[in-house]
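Throughout, a chain's letter reflects where its sequence line sits, starting with A, and its residues are numbered from 1. Computed from heavy atoms alone, side chains included, the values below leave out hydrogens, waters and symmetry copies.
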Amino acid sequence: MEEKKPSTADILAKIRAQKAAAAGGSPATAPEAAAVPVAEPAPPVAAALVETAPVKPAAPAAKPGSTADILAAIRAKKGGAAAPAPATPAAAATVAASAPVAAAAAGPAKPLPSIAEMVRAAKPGAAAPVAAVKPPVVAPPMPARPLPPSAKKGAPAPARRSLAGLVTVAGVSLVSFVLGGVFASPVLIAIGALIWCVLLSPFAMAWAALSVVTGIATLGTARFMFPNVLVEPPSKFKIGPPSDYPLNAVSNKWKDQFGVWIVHTDQYEGKDLIYALSTVCTHLGCTPSWLDGEQKFKCPCHGSGFYITGVNFEGPAPRPLERVGLRVAEDGMLEVNKSMKFQEEMGQWVDATSFVDGSLA
Amino acid sequence: MLEHHPDLTASVIYGLGWLYLLLFLMNTLWVWRSYHHDGEVKMFGQGVPVASFWALYAAMLGMVATAHLTGSDNPQMFLLRMPDAFKSAVDSVSGPVSFFSLSVGLFVAVILLREWIVKPTVGWILLNASLIFLALSMTDYDFRQIVGKPDNVPIVAMLFICAFFTWLSFACAVENDQRKAAGKPLYSQEKNEKILVWPDLVYSELICMVLVTALLVAWGIVLQAPLEEPASSAKTPNPSKAPWYFLGLQEMLVYYDPWMAGVVLPSMILVGLMAIPYIDFNKLGNGYYTFNERKFAISTFLFGFLPLWVAMIVLGTFLRGPNWNFFGPYEFWDVHKLELLNNVNVSEWFWYKVMNTKMPVAPAGSDPGTQAGYILLREWLGLLLTFAYLAVLPPLMAVTIFRKFFVKMGFIRFMVLSNLILFMASLPIKMVLRWSFNLKYIVAIPEWFFNI
Ligand code: FES
C-alpha cells in the first residue's frame, strides 16, 4: 500500500504514448505493452484505443489526444485558422469526421453561435411552412451556418407554399374543433388538434401534447373524487332500548359496525346521561380502545387518553372525543344519528340532541 | 418441552453460536492486522505484542462459539446470559427522559472524543462491545421478541451502518484536520485516490449492484415479511406503528398537534435542508472531509440527524409498546401497563394554578368577535411565549452568540438560519417540557385547530 499508485494522468499518458507508438510502428506488439500500467480491466480499453489508432494517419509524436487538446484544436480551427495547423492532422481529421458542421463552419473569425442562434438557423429548414407564414424570418442573423446538404438543396429558401392552402388547412382544423365541440365528438377534436399540430413546429407540438396529457391526467384525478360506489353505513340507525346500557359502562357493541361507543355515565358534570361517542381519536384519527380496568379510552397510536366522559386528559389529543346525535325514537328505541357532530370545546355538548336522559335506562 | 421454554430455546442458542463464531473469525483477522500494525507493550520486563491480547480474546470467543454450537441442549443449564440484575437496573432507569439524555450525551461525546474514537483499535473495540451486548441481550425473551422481529432487523442493521459511516466520516475528517494543523497536504491530494471512471468505477458499481441485489433476494427468501390481518377502520393495531423511517415523526406527534408535527415541522425539515446551500457562507471544506473547519454546520446537521431522527426511530421501534407507552428494553410489553399522565396546557396552568380562578369563557351566545377576544385572553401567555420565541430570540441571538454569523450572513440569511434552528430546537424543548412539567400545549385553541 505504501508504494505510490500511478495517478490517472500517468495512466492516460502511458496509454497515449503507447498508442502513438503503435500507430507509427507495429500494432501487433501494442496490446501487451498497453496492458502494463492499468490493473485488471485495462486491456480492452487499451486495445480499443489501439484499434482505432491505425485508421488515422500516422501522427507525429506530439499527437494531441486529450479532450482538452481536441477542444483547443476545434477552437483554433473555428477562430480563424482557415488552414489547419500542420502539426495536428489527426486531430483535424477526427474533428472533421465527427463534427462536419463545425468543420464546414470554419470561416473568418466569428464568435461561436449560441444555441438560440442554432435553433433559429435550423428552423427554416425543418419547418418550412412556418417560414412561409412569416416571411420576415427568412434569413437568420447567423453567419455562414450551413444547413445539412440535403436540406440545403431540397428546400429552396424560403419555401413559399400558397397562403391560401395554409388558411384552408387551418380553417378545416378550426371547423373540426367547433364541430367536435358541438357534437361532443372527441374524434373530431382529435383530428382538429392533429391538423393544427402539423401546422406548427415540433416545439409547439410537444407543448401541445404535454398540455393535453397533463389535462387528461388532471381530469382523471378529479374523477377519483366521484367514486362509482360509496360503501358507507347508514348514518341513522337504531341501537335498542336504553335499558341495554347500564350505568357507568361503555358499550363496544356498535364500534366495529358503525364506529360509535354508547356510554352511560353520571360522571359528566354529575348528570346521568347516555350518549354516543365517535370512535375517532381527535389527535390523528386512530381508533382508541376502551380499557375497562383503567376506565379510560386509550389510543394506540400516540398514547392519547380520554376519560369515560370523552374528555382528553393525557397524550397529544387536543380536544375531547366527539359526540354524535342520539335520541329516543318514537318506538322507544335509541337512535344514533352520525350525521351530527357535537364538540365539547365548542360548547355543543349542552345541545339536547347530543345525549339522552340516563334515567330512562 | 425444550422448544417451548419461553426464555431461551436451543435454536436461539445455536443462532448465538453462529454470531459468536462470526465474531471469532472477525477477531482472528484482527489479530493478524494487529500483529502487523500495533507494536508491543512492556510487561513483566519484556515486550509483549498487543496482538497476543487480541489472540487471547479471539480464542475465548472461539470457545464460547464452540460451547454454543455443541454444548448441552438444555437451555436451563445455559449460563452465558445477560445478568438479571443488569436487566432490571436498565429497565428501571429507562424512560423517554433517560433515553433522550443518553442519545444527546452520546452525540456530544462522539464530537468531543472524535480524535480518540476514530483510532481503528477504539472503533474495533466499540464494534465488539456492541455486538457482544446484542448477543447477550438476545438471551432475554422480551428483548428478542422485539429486536428479532423480521421487520425490525433492518433497523438493527441501520444502527450499525449509521454508526459505521459516522465513524468513517469522522475518521477522514480528523485525518484531514491533523494534516492541516501540521501544514501537510490533504489526504486525498497526497495519496492520489483518483481512479478511472471507466472501467474502475463502473465495474465496482456493477459488482456492488449485483451483491446488493443478491443480498436483498436472499433476505427476502430467508426472512418472511410479517403480514398482519386485513385492515379495518374499526380496529387499530396496538401498538400502531408507522413505517420505520417515519417513527421519528410519529414520536414527534406525541408532543405536537398533528398540524404541527405532521405538516409544519416536516415541511420545515425539507425546506431547511434545501436551504442549506444558500445559508452556508463557509467556503471551507469543499470537496474534502473536515470537522474543524465546519464545526457549526456539521454539529447542527448531525444533531438533527442522529439524536433527533435516528435515535427517535430507535425509541419508536424498540421502546414504544402498546398504547404508545414506554417500555424498557428488557420489559414485557404489557397492554395494561398503567402510566398516568395528566397533561396540562399553559393556559390551564396559568388560570387555575397561578390566578386561582376559572378560565375566561365567552358568555353563551356571544358574537364571534367577542368569542375570539375571550380565546385570545385565555391563551395570552402561550401566545406571548411563542411570539417571544420566534420574534425576540433571533435578534437576541444576533447580538450575542451568533454575532459573527450575523455580520457575515446579512439580515435575511441570518433570519432564515435562526428560524430554522429555532424550529429544530422546538422539538427537544417541547419534549423536555412535556417530561418535566407535563405540559401539553403552549397555545391550545382547539376551536381553531391551532395548538402549539
Ligand atoms: S391518533 Fe390517537 S393519539 Fe394520535
Side-chain angles (χ1 to χ4, degrees), chain A residues 1-2 4-12 15 38-45 48 233 252 254-260 279-289 291-294 296-305 312-320 343-347 350, chain B residues 190-200 202-203 232-242 250-262 320-326 335-336 338-345 361-362 364-365 371 434 438 440-441 444-447 449-451:
Chain A
M1 279 292 112
E2 291 309 311
K4 198 165 180 289
K5 278 199 285 184
S7 77
T8 319
D10 293 343
I11 296 175
L12 282 176
I15 292 177
V38 196
E40 257 317 290
V45 179
N252 275 319
W254 310 100
K255 184 181 166 190
D256 288 355
Q257 202 182 348
F258 295 114
V260 288
T279 61
V280 177
C281 177
T282 51
H283 179 229
L284 218 52
C286 289
T287 308
S289 8
L291 306 179
D292 219 20
E294 285 120 70
K296 67 180 180 190
F297 299 99
K298 183 76 176 170
C299 182
C301 288
H302 316 92
S304 285
N312 54 321
F313 70 99
E314 66 177 354
R319 52 202 187 85
Q343 295 171 231
E344 196 263 0
E345 74 278 3
M346 308 281 246
V350 294
Chain B
E190 189 177 303
K191 309 253 163 68
N192 195 322
E193 283 192 318
K194 283 186 184 161
I195 56 164
L196 295 171
V197 170
W198 172 264
D200 300 9
V202 176
Y203 266 53
S232 146
S233 65
K235 197 161 169 226
T236 309
N238 192 7
S240 179
K241 295 198 176 182
Q250 191 172 1
E251 189 61 26
M252 228 146 85
L253 278 165
V254 174
Y255 307 98
Y256 275 108
D257 184 79
W259 177 239
M260 277 296 281
R320 288 293 189 180
N323 297 327
W324 211 249
N325 279 329
F326 187 93
V335 187
H336 295 287
L338 241 183
E339 220 175 278
L340 266 194
L341 308 155
N342 252 320
N343 298 332
V344 287
N345 295 326
V361 177
Q371 280 183 2
R434 170 72 63 83
N438 273 338
K440 188 193 268 176
Y441 288 119
I445 311 182
E447 294 90 337
F449 294 96
F450 183 78
N451 307 288

Given that the side chain runs from C-beta out, which part of A:Cys299 has a heavy atom under 4.5 Å from chain B: side chain, backbone, both or neither?
backbone
Given that the side chain runs from C-beta out, which part of A:Glu294 has a heavy atom under 4.5 Å from chain B: side chain, backbone, both or neither?
side chain
Distance, nearest 0.5 Å, that separates [atom1] of [X] from [atom2] of [Y]:
X: B:Ile445; Y: A:Glu345; atom1: CD1; atom2: CD; result: 12.0 Å
X: A:Arg319; Y: B:Tyr441; atom1: CZ; atom2: OH; result: 10.5 Å
X: B:Asn238; Y: A:Leu291; atom1: CG; atom2: CG; result: 8.0 Å

Give the member of A:Pro288, A:Pro316, A:Gly303, A:Gly259 that has the highest number of heavy-atom pairs under 4.5 Å with chain B.
A:Pro316
With a 6.0 Å cut-off (strictly less than), is the heavy-atom count around CZ of B:Phe326, excluding the residue itself, greater than 12?
yes
In terms of heavy-atom pairs under 4.5 Å with chain A, the winner among B:Pro237, B:Pro258, B:Pro239 is B:Pro258
Find out whether B:Asn325 and A:Lys298 are in side-chain contact, i.e. whether some heavy atom of one side chain is under 4.5 Å from a heavy atom of the other.
yes
Would you name the heavy atoms of A:Asn312 and B:Lys440 that are closest together and state the gap between them?
ND2-NZ, 2.9 Å
When the 4.5 angstrom heavy-atom criterion is applied to B:Arg434 and chain A, the contacting part is side chain
Heavy-atom distances under 4.5 Å only: say whether B:Asn323 touches chain A with side chain, backbone, both or neither.
both
